[in-house]
Each structure stands twice: as structure tokens, then as C-alpha cells.
Amino acid sequence: MNRIVALAALSGVVSHALARSTFPILLPAIESELLTSNSQAGLLTTANFAAYLVGVAIVTTISGRVEPQRLLYSGMAIAGTGFALLAVAPGPWLLGAGQALAGLGSAGIWMSAPVIATAAVPATRRGMTMGIISSTMGLGIIVASQGTNLIRVIQDDEDAWRPTWIAAAVFAVLLLATMAALMRTPPTASLSGGISLERLRTVPRWVPLAAGYWLFGLIVSSFTPFFGLALDDAGFSRAHVGNLYALFGVAAVLGAVTLGRLSDRVGRRPVLVGALTAISVASLLVITEREPFAAAAALLFGAASFTYPVLTVAYVSDHLQDRAFANALGALTLVYGSALIVGPVIGGVIGDSSLGFPALFVAIAMTSATGALVATRLAPASSSPLALSEEPSKSVSG
């Protein structure tokens, strides 16, 4: 793995493992101390995703004029500030502000790190490269969940959560300093225009791509925050719930690179269809509220939910590069982000209703199955012009 890919992968730990996945791990303890309802928890999750959407809009607008590396550094600094604020928040308002800054920063990171990483490798290795990034995110979740459990054992307090955010802020600062010292990328060409579907429309089958990504946004923003709360309500200990979130990371580490490499061989479409199908099965396993089904659900969801977004990015990178890639990815992510805002609110309302969390996870299963059908409409691997242009030429004899 080259230095650029390694640093981009570590930045994904900040954008996804810390800025998105750590809050659900800590949410049962945060809710006990500072919150009053599942709906309030959903709104805090929405604050993160809404800020992420705003960040995507900003980055997409300026991506044609600003180097991806500068966007990456800005995202790292903003996310680190959000983690620090979460560590000291005395109530819901500052929790929301910390969540918003974390979401805003994650947008700057995620809209630039894949651009930098995929430009550093041949087209035939981009699926594997995105798999490496996803696997590193998974490692981050394992460290966050198990580190939290260790902190709680040391402090003899199963509700401790603030030290995790302190550690996250320190990691973001150290990684940013390392990037500033070691990351060197070539300059990219400027582009005119801001937020527009023009470049996304050049990607084959962009409509099912966008529709599937929107459905995935609903799925992941409903499943991730309420998985732990649903099992907490079912009587699972918080240490056990933390271990189940660690399984998300284990599944990403074990599956993402393998599935990324598989997508380089067979195409993105079948792997994306399989990922959404796996999430549908995982959602139905959650409602059993018992083991070993909860662990199986965590493994399936972890592998699938970390595979789907990175292979969606790889699908776009098969057709566009550099700032054109960033601009198209921004438009696509705005579609995805709009679903991220809606999902937690719906999930919180259903969780507080008489139907409860079982109804929520049945709805997620149905949405995932619909998304799998949409994904069958994506273009096959043979339509990737960048990958084809980098294949070795074949001699012809007659």
C-alpha cells in the first residue's frame, strides 16, 4: 500500500468510524445521561447527517477551484473540533453542535480522500483500494467500541462515554499533522461550475445509481443508530452492544477488501446487489432480539454497509477522474445525504410508537430489498471506459 492510499484510508477512520459510527456506540449511555427520548436521539443523528449534506453542497460548489488535498485538511480540522465539543457537551444543544461539526468535517474528508486515493492507483485496482479504505474504517470502529469498553472497565463505569470523544479528537489532530508532513499529491486541473448533475449524468445508468444510493441512505441512517438502542431495550448489556458494534468493524475488515477485489473482477453491480440483499436479511435477524442472530445481523450489516458506499464511489471512478470525479460524487452524495436526514427522524418516531423497533427493522428490510432490485439496473463491468483503457493491449494475428 502506498503512502497516499494509507493516509487516505486513515482519514476514512475520522470521516466514518469516528464522525458517524462512534455516536451510535455511545448513544445508550449518552441517552441515559442527557436525553429524554428516542426521537431526541434521532434528531441528534440527523444533526450530523444534515451538516454532512451541507458540507457536501459546499465541497461540490468549490471542488472545481480547490485542490482535494486542501479540502481533506479542512475536513480533518473541523471534525476534530466537533469531537472535542462532544467530549465536553453538558446537554443536547452542544451535543447537536458537536454532531454537526463532525458531520460537516466528514463531508470534506469523504469528498476528497477517495479522489486522492483512486488517482494514485490503476483503474483495475480501484475497487480493492476502496475496499482498503473501508477495511480501515472497520478497524476504527473496532478500536472505538473496544476502547470504550476498556475505558469503562478501568473507570468501573459502564456509562462512561466522554473519554472516547477525547481520544477521537487527539487522533484527528495527530493524523492531520502527519498528513501535512507526509502527503504529497500532484496538482489537478480546475473545473468550471458548481453543484450540477451535468457530470453525474455522464456516468452510465446514473439514475438507478442515484436511486439506489438514496435508498441506502435511508437504510444506513435508520439501522446504525437504532440497532444498539433496540437491543438495549431488549435487555442486552451495554458491553455486549459495544461488542456487536465491533462486529461491524470486523465484518468490514474481513469483507471489504475481498469484495472490493471481487468487484474489480466481476463488476460493481453484482456486489452492490448482494450487499443490499444481505442488509435485508440482517434487518430481519435484529427483530429476533436474541443471540446468535444479533451477532449474525451485525456481521452481515457491517460487511454490506461498508461495501456499498465505497463500491458506489468506485463505480463513479470507473468513468471519471480528478475534480470531475469529485464534482459528480458531490452531486450523487447530495442525493444520498437527503436520505440521511430523513432516516433517523423516521426511525426515532417509529421507535417511540406502539409498533416499536421491530416494525422499524421490518421496514428497513423491505427498503433494502427494493434497493437490491434497483441496483440490478446498474451498468455491467464492460461499460467502464477508464478500466478498459488501462488494460494491457492484445496483439492480433491473422
Tell me which donor-acceptor pairs under 3.5 Å the side chains of residues 72-79 have, and how far apart each pair is, sequence neighbours excluded?
| residue | atom | partner | partner atom | Å |
| --- | --- | --- | --- | --- |
| Tyr73 | OH | Gln69 | NE2 | 2.6 |
| Tyr73 | OH | Met179 | O | 3.1 |
| Ser74 | OG | Arg70 | O | 3.1 |

Donor-acceptor contact present, side-chain Tyr213 to main-chain Val335, <3.5 Å:
no

Would you find a donor on one side and an acceptor on the other, under 3.5 Å apart, between the side chain of Arg377 and the backbone of Arg205?
no

Yes or no on salt bridge (charged side-chain N to carboxylate O under 4.0 Å, His left out) for Arg268 and Asp264, after CA distance, side-chain angles and deciding distance?
CA-CA 7 Å; Arg268 317 299 180 204; Asp264 286 334; 2.8 Å; yes

To the nearest 0.5 Å, tell me how far Leu332 CG sits from Leu334 CG.
9.0 Å

CG on Leu7 to CG on Leu175, rounded to 0.5 Å
6.5 Å

Taking side chain as C-beta onward, heavy atoms only, is Trp110 less than 4.5 Å from Val59?
no

Approximate separation, where rounding is to 0.5 Å, of Ser15 OG and Ile133 CD1
9.0 Å

So ring-ring contact (aromatic ring centres under 6.0 Å, His included) across residues 260-305, not counting sequence neighbours, yields Phe223-Phe301, Phe248-Phe301

Contact summary for Ala365 and Ser280, nearest pair of heavy atoms:
O-OG, 2.9 Å

State, yes or no, whether a side-chain contact exists between His16 and Pro309 at a heavy-atom distance under 4.5 Å.
no

Can you give me the closest heavy-atom contact between Val5 and Ala117, atom names plus distance?
CG2-O, 4.0 Å

Do the side chains of Val13 and Val173 join up, straight or via other hydrophobic residues, at under 4.5 Å, putting them in one cluster?
no

With heavy-atom distances below 4.5 Å as the criterion, would you say the side chains of Leu209 and Val316 are in contact?
yes

Would you sort out whether Phe357 and Phe227 count as a side chain to side chain contact (heavy atoms under 4.5 Å, CB included), showing the intermediate values?
CA-CA 9 Å; Phe357 288 122; Phe227 175 72; over 6 Å; no

Pairs meeting criterion side-chain hydrogen bond (donor to acceptor under 3.5 Å, both in side chains) with involvement of residues 283-304, two or more places apart:
His240-Glu291

Rounded to the nearest 0.5 Å, how far does CD1 of Ile364 lie from CD1 of Ile219?
8.0 Å

Sorted by chain and number, sequence neighbours left out, side-chain hydrogen bond (donor to acceptor under 3.5 Å, both in side chains) with Trp214 holds for Ser338

Of the non-hydrogen atoms in Leu231 and Ala294, which two are nearest, and what is the gap between them?
CD1-CB, 4.1 Å

Under 4.5 Å between side-chain heavy atoms, counting indirect links through other Ile/Leu/Val/Met/Phe/Trp/Tyr residues: same cluster for Ile151 and Phe83 or not?
no

For the pair Thr370 (side chain) and Met366 (backbone), establish whether a donor and an acceptor sit closer than 3.5 Å, ignoring hydrogens and angles.
yes

What donor-acceptor contacts under 3.5 angstrom involve side-chain atoms of residues 98-109, with partners at least two apart or in another chain?
| residue | atom | partner | partner atom | Å |
| --- | --- | --- | --- | --- |
| Gln99 | NE2 | Leu44 | O | 3.2 |
| Ser106 | OG | Gly103 | O | 2.8 |

Under the 4.5 Å side-chain heavy-atom rule for ILVMFWY, direct or indirect, which residues accompany Leu150?
Ile154

So, the side chain of Arg269 versus the backbone of Leu378: is there a donor-acceptor pair under 3.5 Å, distance only?
yes

Over all atoms of both residues, closest heavy-atom pair of Leu18 and Ala168
CD1-CB, 4.0 Å

Output all residues satisfying side-chain contact (heavy atoms from CB on, under 4.5 Å) with Leu259, sequence neighbours left out; order by chain, then residue number.
Leu262, Val271, Thr307

Nearest heavy-atom pair of Ala251 and Gly302: which atoms, and what distance?
CB-C, 3.8 Å

Check the pair Leu244 / Phe236 against side chain to side chain contact (heavy atoms under 4.5 Å, CB included), numbers first and verdict last.
CA-CA 10 Å; Leu244 290 175; Phe236 284 57; 4.2 Å; yes

Roughly how far, to the nearest 0.5 Å, is CD1 of Ile62 from CG of Leu71?
5.0 Å

Measure the CG-CG distance between Leu95 and Asn48 for me, rounded to the nearest 0.5 Å.
12.0 Å

Contacts of Thr164 that satisfy side-chain hydrogen bond (donor to acceptor under 3.5 Å, both in side chains) - sequence neighbours left out
Thr148

Going by side-chain hydrogen bond (donor to acceptor under 3.5 Å, both in side chains), name the pairs with one or both residues in residues 18-34, residues two or more places apart or in two chains.
Arg20-Tyr52, Arg20-Tyr336, Ser32-Arg238, Glu33-Trp161, Glu33-Arg162

Is there a side chain to side chain contact (heavy atoms under 4.5 Å, CB included) between Phe216 and Ile279 once you walk through the steps?
CA-CA 10 Å; Phe216 177 74; Ile279 292 176; 4.0 Å; yes

Partners meeting side-chain hydrogen bond (donor to acceptor under 3.5 Å, both in side chains) with Asn149 (sequence neighbours left out)
Asn243

Taking Ile350 as the fixed residue, which of Val362, Val345, Leu360 is the one that meets the side chain to side chain contact (heavy atoms under 4.5 Å, CB included) rule?
Leu360

Let me check something: do Val349 and Leu27 share a hydrophobic cluster, defined by ILVMFWY side-chain heavy atoms less than 4.5 Å apart, either directly or through other members?
no

Is the shortest side-chain heavy-atom distance between Asp318 and Val203 below 4.5 Å?
no

Please find out if less than 6.0 Å separates the ring center of Phe226 from that of Phe361.
no

Answer yes or no: is there a donor N or O on one side and an acceptor on the other, between the side chain of Tyr245 and the main chain of Ala144, under 3.5 Å?
no

Which side-chain hydrogen bond (donor to acceptor under 3.5 Å, both in side chains) pairs, counting each pair once, include a residue from residues 247-256, with sequence neighbours left out?
none

In this structure, would Val266 and Tyr315 fall into the same cluster of hydrophobic residues linked by side-chain contacts under 4.5 Å?
yes

Got a sec, which pairs hit side-chain hydrogen bond (donor to acceptor under 3.5 Å, both in side chains) with one end in residues 351-363, sequence neighbours left out?
Asn38-Asp352, Ser39-Asp352

Does the side chain to side chain contact (heavy atoms under 4.5 Å, CB included) test come out yes or no for Val310 and Thr129, once each step is laid out?
CA-CA 9 Å; Val310 296; Thr129 297; over 6 Å; no

Between Gly80 and Ala172, what is the shortest heavy-atom contact and its length?
CA-CB, 3.9 Å

State yes or no: do Val143 and Ile25 share one hydrophobic cluster built from I, L, V, M, F, W and Y residues joined by side-chain heavy-atom distances below 4.5 Å, directly or via other members?
no

